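Notes for the one structure printed next.
All figures in this text were calculated on a predicted structure; none of them were measured in a lab.
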Amino acid sequence: MTFGLKRLISVILVLNLSLHSEEEVSILYLDLEKAENIGIENSPELKMIGSQQKIKKLLVNENWRQYFPTASIRWDRSSSIIENTADSRNQRFTLNVDQVIYDGGRRSLALDASLGELALAKYDVKIALNKLRYKIRTLFFTILSKKSQLMTLERSIKRQTEQLFYANRELKLGETTKIKVLELENRLNEIILQEKSAKIEFESQLQEFKILLRLKSHSEVKLIGDILGDVNYNYRNFEEENLINLASNFRVEFDKARAEHLQTQSKYKYAQTYYIPTVSVGGFHGYRGDEYPPREREYGFNFRVSMLLGPNSLQDTGNYTSRNENNDRFLTSSTTLGIYDNLQYQRDIVTSGNAAYQAKVNLNQIGDIIASEVKKSLNSYRVSWDAMRQADENVILFEKRIQIKEEQVRLGEAPRTELAETEIRYLEAKNAQIASRLRFMSSIAELELATGLSLDQLGLIKFGEVLPFENK
């Protein structure tokens, strides 16, 4: 191997080591608040809604502009070449102004519709923000529950491993049978299999969480919290009517439904006024001539009427022009009829009419829908609290049973297989406890969303100050 080739290989190895060192990232520890802030900051949906809101603000400005006159500057240049005669060239500069003076209220309807669109965008931001926070905390709680399940399984594996160790020693001493040892091994394998399945689900949910927060794929995330150890759960008895009244005041869906109703009604009325003519007046002032700059002054006025005759469009214009110090005056007019050039007017009426009807139905039903959501979430909150308390009591009973069974095994009053069976039943109770706490935490978030409150506003869940998972 030549010296140059050795040097090239050394350079490549150094570059690889430097690249790997650059890719090393620190562990990102997240509590619930930090996770929600990152998710909100990185959410493309919220950014898109914000961009749409900016577009709708511009649309409002555009509709306001329709009330004011339009102006334009025009420069015409012409050249005429005829055989055996002098060439003719003409220059013309004009300032043109046009103002709509009557349109049957269509400008007002268009402005109302755009204002309604802007109001809906504001509500869309709040609704999307609540949905995102709910998704983040639901997955956050789910991952914490899976972490607690793994911790419980690790403790059970440790206990069962000890029991299997003692059973093997007893087998050598002839104090137990091979079948009982195999049964203990089967029970231990069942728990190990549960642990492996839980680890797969835990890692999968962590990857989903990174996707939800829009974090880089190579980033390492650890969630802070233990739903069995450092979370304070509280319960308050809420009156159903009070919560429904809160929802009627705080749920943005009510305001959104009203804004949507007004907006669709404006669009429907706008589509129905297709036959009303638009009348506008205008004028111009400028100079013309065959030299540059042109010096011959001219001015004029115009009057225009445009309207739809079903699928046909009609436009009539009249113009008055004065030139050469008012020595040259002439009047022109023209009428244009477009044949079947506006077939979409019927589709616009039907589409906007259907949207207006649907918005009206939604406005009439939104109160009952939200009241049902409040009742459903309140019932879930009450039942999940009772279920959590019952699950906690069940776990306490199983922990006592395990202690008793361990003492019986130590004294030789019970076989180790009975302790293994109790351990399996204990794991089932522990999983039910974790699931019940997860359900209670989710039911509180659902109740807050149903009543239009901000998440955590009820103050029923409080995380304690804990260290990161690895340092506990």
Side-chain angles (χ1 to χ4, degrees), residues 30-36 39 130-156 191 194-213 221-236 238 373 376-399 425-451 453 455-464 466 468-469 472:
L30 297 177
D31 57 14
L32 180 57
E33 182 179 359
K34 188 175 181 180
E36 287 183 347
N130 283 337
K131 287 183 178 180
L132 177 61
R133 290 187 64 199
Y134 178 73
K135 288 175 64 176
I136 291 174
R137 66 178 42 212
T138 298
L139 190 51
F140 186 92
F141 294 156
T142 302
I143 295 173
L144 288 187
S145 69
K146 192 60 64 177
K147 187 175 74 173
S148 297
Q149 184 181 1
L150 282 171
M151 295 170 64
T152 302
L153 288 167
E154 289 172 1
R155 288 193 291 266
S156 292
I191 301 174
Q194 289 185 41
E195 184 197 32
K196 291 184 181 297
S197 299
K199 283 183 177 179
I200 293 174
E201 294 177 5
F202 179 75
E203 293 298 329
S204 176
Q205 289 167 355
L206 269 181
Q207 296 301 322
E208 291 179 12
F209 196 69
K210 288 196 292 184
I211 294 173
L212 183 59
L213 267 58
V221 175
K222 301 296 181 183
L223 304 189
I224 301 174
D226 178 8
I227 65 174
L228 293 179
D230 57 26
V231 181
N232 295 323
Y233 302 92
N234 298 295
Y235 178 84
R236 295 208 317 252
F238 298 105
E373 291 178 359
K376 176 184 174 183
S377 59
L378 179 59
N379 181 67
S380 176
Y381 162 74
R382 290 170 174 169
V383 173
S384 60
W385 170 256
D386 293 337
M388 186 179 72
R389 294 181 62 186
Q390 186 173 1
D392 290 344
E393 293 175 0
N394 199 33
V395 167
I396 292 173
L397 292 175
F398 267 103
E399 288 175 348
R425 298 289 305 278
Y426 167 74
L427 285 177
E428 294 175 356
K430 200 69 177 177
N431 289 336
Q433 181 192 37
I434 294 171
S436 67
R437 296 199 175 197
L438 175 62
R439 180 58 212 157
F440 181 67
M441 297 167 85
S442 298
S443 70
I444 294 174
E446 292 171 2
L447 183 61
E448 289 167 334
L449 290 178
T451 53
L453 301 174
L455 293 176
D456 295 328
Q457 191 168 346
L458 292 176
L460 298 175
I461 297 177
K462 185 177 181 181
F463 283 84
V466 294
F469 179 56
K472 287 186 68 174

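At least one donor-acceptor pair under 3.5 Å links the side chain of Ser145 to the backbone N or O of Thr142. Using a distance-only test at 3.5 Å, with no hydrogens or angles considered, a donor-acceptor pair links the side chain of Lys147 to the main chain of Gly225.
Counting non-hydrogen atoms of neighbouring residues, nucleotides and ligands closer than 6.0 angstrom, the CD atom of Glu33 reaches no more than 12 such neighbours. Heavy atoms from other residues, nucleotides or ligands lying under 6.0 Å from CD of Gln390 number 12 at most.
In this structure, Asp31 and Lys34 approach most closely via the heavy-atom pair OD1-N, 2.8 Å. Closest approach of Ala445 and Leu455 over heavy atoms only: O-CD2, 3.8 Å. Taking each heavy atom of Ala198 and Leu150 in turn, the nearest pair found is CB-CD2, 3.6 Å. Residues Leu228 and Ile434 come closest through the heavy atom pair CD1-CG1, 3.9 Å.
The shortest distance between side-chain heavy atoms of Arg437 and Phe440 does not fall below 4.5 Å. Looking only at side-chain heavy atoms (C-beta outward), Gln457 and Thr451 stay at 4.5 Å or farther from each other. In this structure the side chain of Leu132 reaches within 4.5 angstrom of the side chain of Leu212, judged on heavy atoms. Contact annotation: the side chain of Tyr233 approaches that of Ile227 to within less than 4.5 Å [non-hydrogen atoms, C-beta and beyond]. At a threshold of 4.5 Å between non-hydrogen side-chain atoms, the residues Gln433 and Asn394 do not count as touching.
In this structure Arg382 satisfies the salt bridge (charged side-chain N to carboxylate O under 4.0 Å, His left out) test with no other residue, sequence neighbours excluded. Not counting sequence neighbours, the partners of Ser384 by the side-chain hydrogen bond (donor to acceptor under 3.5 Å, both in side chains) test are Ser443. For Glu201, the salt bridge (charged side-chain N to carboxylate O under 4.0 Å, His left out) partners are Lys146, not counting sequence neighbours. Applying the side-chain hydrogen bond (donor to acceptor under 3.5 Å, both in side chains) rule to Glu446 yields the partners Tyr134, Arg439; only residues at least two apart in sequence or on another chain are considered. Glu448 is linked by a salt bridge (charged side-chain N to carboxylate O under 4.0 Å, His left out) to nothing, counting only residues two or more places apart in sequence or in another chain. Taking Arg137 as the reference, Glu36, Asp456 meet the salt bridge (charged side-chain N to carboxylate O under 4.0 Å, His left out) condition, with sequence neighbours excluded.
Of the residues listed (Leu139, Ile143, Leu213), the one engaging Glu208 in a side chain to side chain contact (heavy atoms under 4.5 Å, CB included) is Leu139, and it is the only one.
Classification of the Tyr381-Phe238 ring pair by plane angle, with boundaries at 30° and 60°, yields tilted.
With respect to Glu373 and Lys376, no salt bridge is recorded, no charged nitrogen being found less than 4.0 Å from a carboxylate O. Using a 4.0 Å cut-off between a side-chain N of Lys or Arg and a carboxylate O of Asp or Glu, Glu393 and Arg389 do not qualify as a salt bridge.
Annotation: the span from Leu144 atom CG to Asp226 atom CG amounts to 8.0 Å, rounded to 0.5 Å. Atom CZ of Phe141 sits about 11.5 Å away from atom CD1 of Ile136, to the nearest 0.5 Å.
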